[in-house]
Amino acid sequence: MRLVQDAIGINYVDVMVRTRLFQMRLPATLGFEAAGVIDAVGPGVTGFERGDRAAYFFVEGAYATASLKPAENLVRLPYDISNEVGATFLAKGLTAWMGLYALHRLTAGDVILVLGASGSVGSILSRWARALGATVIGVAGSPEKLAKVEAGATHAFLASDPELSTKIRAIAQAGVDVVYDFVGKATFPVGGAAVRDGGVIAAIGAASGQPTAATEQMASRGIQIRAGGTPQYVHGGTVAVATEQLWDAVRADLFSDLEVVRYRFDQIGTAHADMENRR
């Protein structure tokens with residue numbers, strides 16, 4: 001099917017592909033997320049028609065005005081979810097869903113630590129977890145990002161705070177139930193010190209590199225380190241449930257305070273520079 005795209009989601013993995021930190025077979029078109037209108041349907045395709053609005057996530061080739069995609073890669077957008085909202089939240093929101101429903105089944109009363117809580121997925125996950133009844137401890141990488149973390153978390157701290165571990169333990173004396181780590185190597189020691197025995201570290205991102213800490217100590221404490229990509233958990237039978245729960249969260253205005261940054265298609269270079277410089 002051919003999708004005429006009017007909204008393309010940008011993600012940090014796009015930078016990683018361009019800088020060869022994430023390998024793709026060349027030649028390749030960057031981008032993994034977009035939304036638009038179907039204007040051509042191939043023979044034998046069922047379930048979609050010309051004029052339907054659809055989106056896709058973690059499928060390469062998004063930086064284009066139009067894209068050919070198999071029907072199984074497309075997600076139909078509900079009437080009340082715009083193409084822009086679809087392209088903004090689908091990949092990031094489903095990654096948050098993976099953390100909350102697959103890597104760790106969050107329950108009301110859980111105390112969680114979000115490392116990298118000012119990032120796009122961290123911001124979504126923090127607000128969603130709080131709405132599900134969790135106590136959310138968010139960590140910001142810089143003073144400039146602290147206000148954004150405070151808006152989505154129950155408690156907000158700076159990563160550079162020398163009393164960070166003490167403050168976390170004051171909230172959760174036995175340790176937090178789960179750590180959501182979107183940073184990787186730089187924050188892994190913080191997460192290891194904060195999680196309770198028998199808890200979970202959900203290693204979702206690695207913006208600072210993959211952690212190299214030995215896992216033997218974690219295993220001796222009964223701590224599970226869980227990781228994986230969103231398509232590993234959101235596919236086939238789970239995609240309908242996951243997307244509907246995401247759209248319900250959007251409809252409930254859980255993310256309405258998040259600033260969406262927009263770029264024209266010819267400003268992709270600027271978008272990458274802003275992502276690389278954490279702007």
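Along the sequence shown, residues are numbered consecutively beginning with 1. Since this is a predicted model, take the numbers as computed values, not measurements.
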Fill in: Close side-chain approach of Tyr233 and Tyr101, heavy atoms under 4.5 Å
no
Worksheet item: With side chains defined as the heavy atoms from C-beta onward, is the minimum distance between Leu90 and Thr243 less than 4.5 Å?
Response: yes
Worksheet item: More than 12 non-hydrogen atoms from neighbouring residues, nucleotides or ligands closer than 6.0 Å to CD on Gln23, yes or no?
Response: yes
Worksheet entry | Main-chain N/O of Gly99 paired to Tyr180 side chain as donor or acceptor, under 3.5 Å | yes
Worksheet, complete the sentence: All heavy atoms of Ser82 vs all of Val85, minimum pair found to be OG-N, 3.1 Å
Item to complete: Give the minimum heavy-atom separation between Ala71 and Val45, together with the two atoms involved.
Response: CB-CG1, 3.9 Å
Discussion item. Is there a path of hydrophobic side-chain contacts, each under 4.5 Å between heavy atoms, that joins Phe58 and Leu3?
Written reply: no
Discussion item. Tell me the closest heavy-atom pair linking Leu246 and Gly93, and the distance in Å.
Written reply: CD1-CA, 3.7 Å
Item to complete: Check ring-ring contact (aromatic ring centres under 6.0 Å, His included) between Phe89 and all other residues, then give those that pass, not counting sequence neighbours.
Response: Phe255
Worksheet entry | Side-chain (Arg53) to main-chain (Ile81) donor-acceptor, under 3.5 angstrom | yes
Item to complete: Compare every heavy atom of Arg130 with every heavy atom of Ala151, then report the nearest pair and how far apart it is.
Response: O-NH2, 3.2 Å
Item to complete: Please name all residues satisfying side-chain contact (heavy atoms from CB on, under 4.5 Å) with Thr88, sequence neighbours left out, ordered by chain then number.
Response: Glu84, Val260
Worksheet item: For Phe22, does the CZ atom sit with more than 12 other heavy atoms under 6.0 Å from it, leaving out its own atoms?
Response: no
Fill in: Nearest heavy-atom neighbours spanning Leu77 and Ala35
CD1-CB, 4.1 Å
Donor-acceptor list for residues 131-147 side chains, cut-off 3.5 Å, not counting sequence neighbours:
| unit_1 | atom_1 | unit_2 | atom_2 | d |
| --- | --- | --- | --- | --- |
| Ser142 | OG | Glu144 | OE1 | 3.2 |

Give every donor-acceptor pair under 3.5 Å between a side-chain atom in residues 264-271 and any protein atom, sequence neighbours left out.
| unit_1 | atom_1 | unit_2 | atom_2 | d |
| --- | --- | --- | --- | --- |
| Arg264 | NE | Asp266 | OD1 | 3.1 |
| Arg264 | NH2 | Asp266 | OD1 | 3.4 |
| Gln267 | OE1 | Arg264 | N | 2.8 |

Worksheet item: Going only through I, L, V, M, F, W and Y residues with side-chain contacts under 4.5 Å, is there a path from Ile112 to Leu254?
Response: yes
Item to complete: With sequence neighbours excluded, tell me which residues meet side-chain contact (heavy atoms from CB on, under 4.5 Å) with Asp177.
Response: Asp110, Val111, Arg196
Discussion item. If I compare all heavy atoms of Val234 with all of Ala242, which pair ends up nearest, and what's the gap?
Written reply: CG1-CB, 4.0 Å
Fill in: Cationic N near anionic O, under 4.0 Å, Lys92 to Glu33
yes
Practice prompt. Can you establish whether the number of heavy atoms outside Arg50 located under 6.0 Å from its atom CZ is more than 12?
Written response: no
Fill in: Check: Gln5 side chain, Ala62 main-chain N or O, donor-acceptor pair, under 3.5 Å
yes
Worksheet item: Should Leu158 and Leu164 be counted in the same cluster of Ile, Leu, Val, Met, Phe, Trp and Tyr side chains packed under 4.5 Å apart?
Response: no
Discussion item. Let me confirm one number: the CD1-CG distance from Ile204 to Leu103, rounded to the nearest 0.5 Å.
Written reply: 5.5 Å
Fill in: Side chain Arg127, main chain Ser256, donor-acceptor under 3.5 Å
no
Worksheet, complete the sentence: Sequence neighbours excluded, the answer for side-chain contact (heavy atoms from CB on, under 4.5 Å) partners of Glu163 is Asp161, Thr166, Lys167
Worksheet item: Does Val149 offer a backbone N or O that forms a donor-acceptor pair with the side chain of Ser123 under 3.5 Å?
Response: no
Worksheet item: Under 4.5 Å between side-chain heavy atoms, hopping through other hydrophobics if needed: is there a path connecting Tyr63 to Tyr12?
Response: yes
Discussion item. Please report the interatomic distance CG(Leu106) to CG(Leu100), rounded to the nearest 0.5 Å.
Written reply: 5.5 Å
